[in-house]
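Chain letters run A, B, ... following the sequence lines, proteins first and then strands; every chain starts at 1. This one's a predicted model, so the numbers in the text were calculated from it and none came from an experiment.
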Amino acid sequence: MEIEKGKTAKYLKEKRPVPKEVTEQLKSFTKTKKAILNALKEVHKTIPELAMELNMPKEDVVYQLMSLVKYGQVAPDDIDDMDEYFYYKIKSNGKN
Amino acid sequence: MIMEETKKKILEYDALVVGGGIAGGESALNLANLGYQVLLVEKDLTIGGKMIMLSKVFPTLDCAACITTPKVSEIARHKNITILTGAEVKKINKLGEHRFEVDVLQKPRYVHVADCTGCQLCEDVCPVSVSDQYQYGMVGRKAAYIPFSIASPRAAAIDIENCTLCGACERACPTKCIDFTQTEEEYLVKARSVVVATGFNLFDPLKIPRYGYGRFKNIITSMQMERQLAPTRPFNTILRPGDGKLPDNIAYVLCTGSRDKSVGNPICSQVCCMYSIKQAQLLMGALPMADITIYYLHIRAFGKGFNEFYAQAQDMGVEFIKGKVGKISEKENGNLILRYEDIEAGVVKEAEHDMVVLSVGILPNQGIADVFENEKLELDPFNFVQQSDMLASPAKTSIDGVFVAGTASGPMDIPDSILSGGAASAETTSYLRRGTL
Ligand SMILES: Cc1cc2nc3c(=O)[nH]c(=O)nc-3n(C[C@H](O)[C@H](O)[C@H](O)COP(=O)(O)OP(=O)(O)OC[C@H]3O[C@@H](n4cnc5c(N)ncnc54)[C@H](O)[C@@H]3O)c2cc1C
Ligand code: SF4
Ligand code: SF4
């Protein structure tokens, strides 16, 4: 069989169906990502502010938000008046 | 996954080094510099072991990456060293003097490393985000990913367990080096000697439920703090994982999982006192307003420059409390209450901190003993590789021709691991020459 370079995922897909948990996990991440990016659209926010608005545990916001910082979609901004929490904003040249 | 019909590739080497941490790397490099052909088998996607993940090193506070990176690239470029990453030794048989037969299994990376430029375009387009094991779960990573920026090889890999096979990475890859048709590779290695440098495991603090690790989000391990302090950190600065607050009152609990029979590890891990003192100094630099308190049983500052390093931390204002922490509980604001026995005053006290670091101990990585089939690799009473002649020939094991390097033989710091790697290469050389002279 001639393997087509750059289009090999389909060969593995035939042999090994993608487990349901993997697609569920992707759906859940995509949903959270959209919610966070949406919440940051207008103004920068701190983690407790995001957690309150999205009704999410603060530790989950830390994990997901920091992942989005790593992926180049969100950037840290200045710190609040109490020097406790950073604000986070959408990265201006951010990719979606 | 359906296994393809594979044919074992046969390889021949003077020395097989199992484990590509700093100790195994040092052994491989010395042997290669003497002209021996070395196969370095590393189970992870990158060589460098734990050291490549550290922030700075005690007692000099040199940047860990600045020391590791040149060494790792020298190993990677050496013409006498072949490296197999993502590979594990499955069986070792000694057929006679200088005759070892070794089965090695290499898992598919789904990327042709030689063609990967490390451009990260695959990462950018991959839609999946899962926990990043190289950041000890504090942040996510993609299913198409480069382990970290100073990984060696600095090449992508596909986490097939979490991949949706959407093909986006392949379409984005400019060199077309992603290949989902890759399968496991089996090798039969004929080696004239073996160096075991499989390193250590970290103590899992979930085994001490009264400390609340896992339940209370502002308690982290010392390895997680190393990552937070490293230039390739998971967060924009040091933050509490529970709510993203800048901490200003951090406690260290030494001997977590060391010198503790109740968790099955009665011995001292040798490095926890010093790495905690190091982290305390680095935190004082990163968070100048923060208070750092170290709860200890005894401070073991026995190496060259260690006691001065300890005194330096005291001078900087790190508070040392001789106290045994019994229990940690959490307040509504995420702060933590440490209940401890103040050993000097002989009373039980409580103290509040906003973040706690558990200085986890060093445990043996026992699995390697099981791969030896026809001869027994003896372990010591604590399940590290037994040094059969510790004083006269510290790298010798129970099998002639098999040598041990680094923390595979017991807890030790980086300088001692490098020395031990050097001793293992010297003893391997003398064994190899015994066959030729
Ligand atoms: C939090 C923390 C901070 C530290 N800070 C310092 C410091 O500041 N200064 C200092 O001197 N020391 C420090 N240390 C100690 C230091 O990490 C060790 O001394 C050093 O990493 C030991 O190197 P090693 O090569 O023996 O083991 P490792 O680093 O554990 O390397 C072993 C390698 O073998 C691989 N391996 C394991 N099993 C197999 C197998 N079956 N097949 C193939 N490969 C295998 C592993 O993947 C790994 O790459 C610190 C330790 C910790 C936990
Ligand atoms: S094929 Fe897998 S690794 Fe590649 S982009 Fe899709 S999910 Fe990510
Ligand atoms: S696999 Fe391709 S896209 Fe990914 S880093 Fe390598 S060269 Fe770049």
Handout entry: Distance-minimising heavy-atom pair for B/E161 and A/V22
Key = O-CG2, 3.2 Å
Practice task
Check whether any side-chain heavy atom of A/V62 lies under 4.5 Å from a side-chain heavy atom of B/M138, and answer yes or no.
Solution key: no
Exercise for the section: Side-chain contact test, heavy atoms from C-beta onward, threshold under 4.5 Å: evaluate it for B/P127 versus A/L26 and give yes or no. Expected result: yes
Exercise for the section: Indicate yes or no: at least one non-hydrogen side-chain atom of A/Y71 is less than 4.5 angstrom from one of B/K142. Expected result: yes
Problem - Part of A/I79 within contact of chain B (heavy atom distance under 4.5 Å) - result: side chain
Practice task
Taking the side chain as every heavy atom from C-beta outward, state whether A/K13 and B/L165 have any pair of such atoms under 4.5 Å apart.
Solution key: yes
Completion exercise
Under 4.5 Å to a heavy atom of chain A? For B/C177 that would be neither
Exercise for the section: Check whether any side-chain heavy atom of A/F29 lies under 4.5 Å from a side-chain heavy atom of B/V130, and answer yes or no. Expected result: no
Handout entry: Close side-chain approach of B/S131 to A/Y63, heavy-atom, < 4.5 Å
Key = yes
Handout entry: Test log, rule side-chain contact (heavy atoms from CB on, under 4.5 Å), inputs A/E84 and B/L246
Key = CA-CA 5 Å; A/E84 285 188 331; B/L246 264 181; 5.8 Å; no
Handout entry: Side chain proximity check, B/N236 to A/V69, heavy atoms < 4.5 angstrom
Key = no
Problem - A/K5/B/D179 salt bridge by N-O under 4.0 Å criterion - result: no
Exercise for the section: For each of A/D80, A/I47, A/D83, A/T46, tally heavy-atom pairs with chain B at distances under 4.5 Å, and name the one with the top tally. Expected result: A/I47
Handout entry: Pick from B/P234, B/G334, B/G242 with the largest number of heavy-atom pairs that fall under 4.5 Å of chain A
Key = B/G242
Practice task
Check each atom of B/I158 against the heavy atoms of chain A and say whether the ones under 4.5 Å are side chain, backbone, both or neither.
Solution key: neither
Handout entry: Donor-acceptor pair, side chain of A/E59 and main chain of B/G244, under 3.5 angstrom
Key = no
Exercise for the section: Determine whether more than 12 heavy atoms belonging to other residues, nucleotides or ligands lie under 6.0 Å from atom CE of B/M316. Expected result: yes
Practice task
For atom NZ of B/K107, decide whether the heavy atoms of other residues, nucleotides or ligands shown that lie under 6.0 angstrom number more than 12.
Solution key: no
Practice task
Might you confirm whether atom NZ of A/K7 has over 12 heavy atoms from other residues, nucleotides or ligands at distances under 6.0 Å?
Solution key: no
Fill in the blank from the handout: The reported gap from OG in B/S129 to CD in A/Q64 (rounded to nearest 0.5 angstrom) is 6.0 Å
Handout entry: More than 12 heavy atoms from other groups under 6.0 Å of CG on A/D78
Key = yes
Handout entry: chain B interface, residue from A/P57, A/A75, A/A9 that has the most non-hydrogen pairs under 4.5 Å
Key = A/A9
Practice task
Identify which part of B/K217 has an atom lying under 4.5 Å from any heavy atom of chain A, answering side chain, backbone, both or neither.
Solution key: side chain
Problem - Closest-packed option against chain A by number of heavy-atom pairs under 4.5 Å, given B/G137, B/G167, B/A172, B/P241 - result: B/P241
Problem - Test side-chain contact (heavy atoms from CB on, under 4.5 Å) applied to A/K70 and B/R141, step by step - result: CA-CA 8 Å; A/K70 179 175 165 184; B/R141 63 148 170 81; 3.6 Å; yes
Problem - Crowding at CD, A/E24 (>12 non-hydrogen neighbours, <6.0 Å) - result: yes
Problem - A/T8 and B/E170, any side-chain heavy atoms less than 4.5 Å apart - result: yes
